[in-house]
Each structure stands twice: as structure tokens, then as C-alpha cells.
Visitor: 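My questions will all concern the structure given below.
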Amino acid sequence: MFKKKWIILYVVAAVLVLGGWGAYKRQHNKGVPVVADKVKQQDIVSKVTANGKIQAENKVELSALVMGQIVNLAVREGDPVKTGQFLLQIDRNRAVAEEAGSSAALKASLSDRDSARATMEQAQRDYDRTRLNYEAHITSESDYQKAQASLETARANLQAAENRVDETRASLDASRDTLSKTTVRSPIDGVVTTLRVKAGEVTVIGTMNNPGTQLMTISDMSSIQAVLMVDETDTPSIKVGQDAVLDIDAYPGRTFKGVVTEVGHSPILPDDSDLQGLTTTSDAINFKVKVKLADPPPEIRPGFSVTADIITGRKQNVSAVPLAAVVVRDSPTGERTETGALKTEEGVYALRGEKAVFVPIATGISGGLMVELVEGPKPGEEIVAGPFKALREIKDGDHVTRMPEEQSKAAGEASGG
């Protein structure tokens, strides 16, 4: 009885093994199911997408240049202003007193100069008279030398007096300059886009380590630009003059055209004033790119969030394949780089009958989910486009089967299109 049970177990195990082997052979002969696609002939547009903020192309950040209390604030945020228009007044009493003191000091130094000039002229006359008497042997050499020394002293005193006049005049100019800076006027035509102070507050002057009081920002809203953060890997492909399409969050459903006017040459700092709120302290390195809007809406505001697609390349009627179809494999011949690393090659799996054959390719620009084929299969040739798992597992010459259309669509959606 015991032996009979073991015989039955052996028979069942043999059936299961043979059944599994048969299923494996049938599956192996059937081939790996793949999504088939064709090399297409189409237009490709490559682009770089970046986020940023709207800013006026010409704006001025006004800071306090003198210390004092704001006694008159004549504008509010959003007010339009003209060049030279009065904006605010800082208490000028101390500056007026300093200017008056400097003016009095200048008058005193002018009087000292006039006195020194008169003394020098008298010393010149005394010297001339003593010299004639000395030459006529009427006056002693000692008297002549005294007259000569007095003249030289008078000349030095006049020069010193003239220097003091220059010094006090410069001090008066500085006092007048300080007095003029207590009155703040608009340097450009524009709009008060930021107002950081109120009447009654006290302004301070900036030092090496501490910035001065920020008063306001005047922006010329007649020329608008988008200031964008572009990743370092995309920056080399962006050039001045390239077209851009912009989406401004404040205007959903509308797009705006623009052109690249500036590409930064140094990374964006975390405290960049143009991109406040977007810059981070992470290790990501971004560069600033400026795009001028061709036709901005009249009610646009600085600081609006914007997303831009910068057109970095455009080719018409070129061979193209899905990006998902491109695979990278190690060199089958074992070639290595100068550093000893194994070389890699880029290619696609072309469908030749029921087999997948690796074909090396050279690619050009990429746009959307397609990439240009510079070298490789010709338009119309079938290639393996997915699924991703199959592209990782199949090898050159493997047997494959084409998925039905419905299954191909489902596999494409599962692998991200």
C-alpha cells in the first residue's frame, strides 16, 4: 500500500513536469510579445520647458541714501509715475543745518584766502624794495634774506588758504548732495510695483554687511519679460533669438509669444530677487534665461508665475521613432573607452520576420515622445516600441510576436505612452 502511494506521487510529479515543460516550449516557440511600430516621416520640434516669473524689463529698486524720518510719502503701490516726479521726502532739517554750516565755513575760508593774498602781495612789494636796496648796497644782506623769507612764507600761507577754500567748497558740495537726496524723485516712467515703507518710518543707510532701507520699486511696464530658471543640462541648447511660447497662470487658456533676449552665464543664487519663491537651497544648478513678451496684456503684473516652452530646434519631414523604442546596450565586441569603461551603443530592435534584430542608430533632435533618426532603419520599417520590460529583456535575434492592437494600446498606456 505504501509503495503504491509513492508510485502515484511519482506519476503526478512527472505529469506536472512534462506539462510545465510543454507550456514553456510553447511559450518559447511563441516568442516574447512586443508592441510593433514603424519608423515615421514627420516634423519634429524640440523644446525646453522652464518655470519663472513675470518682470518688467526695466525696473529700478530705490534705496535710502540718507538717514532720517519719512515726513511725506506722495505715492501708493500701483500709482503711475513720470521721470522726475516727487515720491517722498525724508526729514531735511539736519541736512539743511549741515549745508548752512558748510556754506559759512566756505565764506570764512574765502576771507582767509583774501587776507593771505593781501599779505603775500605786501610781502612781494617789501621784497622787491629790499632787493633794489641790497643791490645798491644800501640794505644789508640780512635784511634782504628776511624779506625773501617773508615772501616765501606769505606764498605758502596763500596756498594753504586756497587749499582750505577747496576743502570747504567740497564739503559744501557734499552737504548739498546730502540735502538733495532727502527728496526722492522717480528716475524713470513707470508704475510703483512695490512700496516697502510708510510715512513716519526712519530710513537707514546701507553698509558693507547690512543693506540700506529699501524704499520702493519702479517698473516700466511697457516692456515685459519672463525670467526663467533653466536646468544646467538644458542651458547649452538655448540661444538668444529663439522663439518661445508662454503660459501665464493668471491667464488660463491663453498663450503668449516671446523671444529669448538673454542667457545667463553663472548659476542663479538662492536669494535672487527676480525669482523669489522659486529658488531653493537644493543642489540643483539652474541658469537664468530672459524671454521678452511680444504682446503682453495691459493688466499684467510683476511676479506672475509663468511656464515657457523655448523652441530650441525644428526639423521638417525627417525619420523619427518613439523615444521609448531607443535602447542602449554594452558593446557586443567588448570595446572600451580610454578610461577602461565598457563602451555603449544606441539602437532600436527592428522586426525582421519573427525576430528582433538590433540596429545601431544615430539620433538628432527630440521633440515630445519622438526622436529624429539620422542613421538607422528607413521610414516604414517595423521596430519594437515596447513594452519597456520586453525591451530590457530581449536580445539581438530573439524570437518575438506582435501584440494585437488592443493589447498594444494597453501596453503603451501602462509604460507611459
Side-chain angles (χ1 to χ4, degrees), residues 46-63 75-81 87 186-197 211-312:
S46 62
K47 63 183 181 180
V48 171
T49 302
N51 297 322
K53 288 184 177 292
I54 292 296
Q55 298 289 354
E57 189 172 7
N58 181 25
K59 67 175 183 177
V60 180
E61 302 278 354
L62 296 180
S63 301
V75 293
R76 295 180 298 179
E77 191 169 305
D79 286 353
V81 294
L87 300 176
S186 177
I188 62 171
D189 293 347
V191 176
V192 180
T193 52
T194 306
L195 184 60
R196 297 183 174 88
V197 293
T213 302
Q214 297 291 312
L215 303 175
M216 64 186 73
T217 302
I218 309 293
S219 301
D220 179 7
M221 300 305 292
S222 63
S223 181
I224 303 298
Q225 64 184 3
V227 182
L228 307 171
M229 285 198 319
V230 178
D231 187 85
E232 59 180 323
T233 58
D234 294 323
T235 301
S237 63
I238 298 178
K239 303 291 185 293
V240 172
Q242 291 174 339
D243 294 329
V245 178
L246 302 99
D247 291 314
I248 302 175
D249 292 355
Y251 305 98
R254 296 176 61 182
T255 58
F256 302 88
K257 293 183 179 180
V259 62
V260 177
T261 57
E262 184 180 325
V263 181
H265 287 79
S266 57
I268 299 172
L269 299 177
D271 58 350
D272 190 280
S273 59
D274 288 332
L275 295 165
Q276 286 182 352
L278 290 180
T279 53
T280 64
T281 56
S282 66
D283 294 334
I285 296 184
N286 299 296
F287 287 78
K288 186 184 295 185
V289 174
K290 296 181 179 179
V291 176
K292 183 177 180 179
L293 273 70
D295 189 21
E299 65 277 12
I300 196 168
R301 298 285 186 273
F304 280 178
S305 298
V306 61
T307 301
D309 288 331
I310 302 172
I311 310 302
T312 58

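Just so you know, these numbers use all the heavy atoms, side chains as well, and skip hydrogens, waters and symmetry mates.
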Visitor: May I have the list of side-chain donor-acceptor pairs in residues 292-306 shorter than 3.5 Å, sequence neighbours left out?
Guide:
from	atom 1	to	atom 2	distance (Å)
R301	NH1	E299	O	2.8

Visitor: Is there a side-chain contact between L62 and L87 (heavy atoms, below 4.5 Å)?
Guide: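 A side-chain contact under 4.5 Å exists here.
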Visitor: Taking atom NZ of K47 as the centre, report whether more than 12 heavy atoms of other residues, nucleotides or ligands fall under 6.0 Å from it.
Guide: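 Counting neighbours around NZ of K47, 12 or fewer heavy atoms of other residues, nucleotides or ligands fall under 6.0 Å, so no.
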Visitor: Is any side-chain heavy atom of K53 closer than 4.5 Å to one of V227?
Guide: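 Sidechains of K53 and V227: no contact.
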Visitor: For a 4.5 angstrom cut-off between non-hydrogen side-chain atoms, does V75 reach M216?
Guide: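 A side-chain contact exists here, since the closest heavy-atom pair is under 4.5 Å.
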Visitor: Return the CG to CD distance between N58 and Q225, rounded to the nearest 0.5 Å.
Guide: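 That separation rounds to 9.5 Å.
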Visitor: List the atom pairs, donor and acceptor, that lie under 3.5 Å between side-chain atoms in residues 242-249 and the rest of the protein, sequence neighbours left out.
Guide:
from	atom 1	to	atom 2	distance (Å)
Q242	OE1	K239	N	3.0
Q242	NE2	S237	O	3.2

Visitor: Are side-chain heavy atoms of D220 and D189 found at a separation under 4.5 Å?
Guide: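 No. Closest side-chain heavy atoms not under 4.5 Å.
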Visitor: Do D79 side-chain atoms and R76 backbone N/O form a donor-acceptor pair below 3.5 Å?
Guide: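 Looks like yes, one N/O pair under 3.5 Å.
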Visitor: Does the side chain of D272 reach to within under 4.5 Å of the side chain of K288, using non-hydrogen atoms?
Guide: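 Heavy-atom side-chain distance check passes, below 4.5 Å.
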Visitor: Knowing that exactly one of E77, R196, K59 qualifies, which makes a side-chain hydrogen bond (donor to acceptor under 3.5 Å, both in side chains) with T217?
Guide: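 Checked E77, R196, K59 against T217; only one passes side-chain hydrogen bond (donor to acceptor under 3.5 Å, both in side chains): R196.
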Visitor: Looking only at non-hydrogen atoms, find the nearest pair between I224 and A56 and report the distance.
Guide: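 Shortest heavy-atom separation between I224 and A56 comes out as CD1-CA, 4.3 Å.
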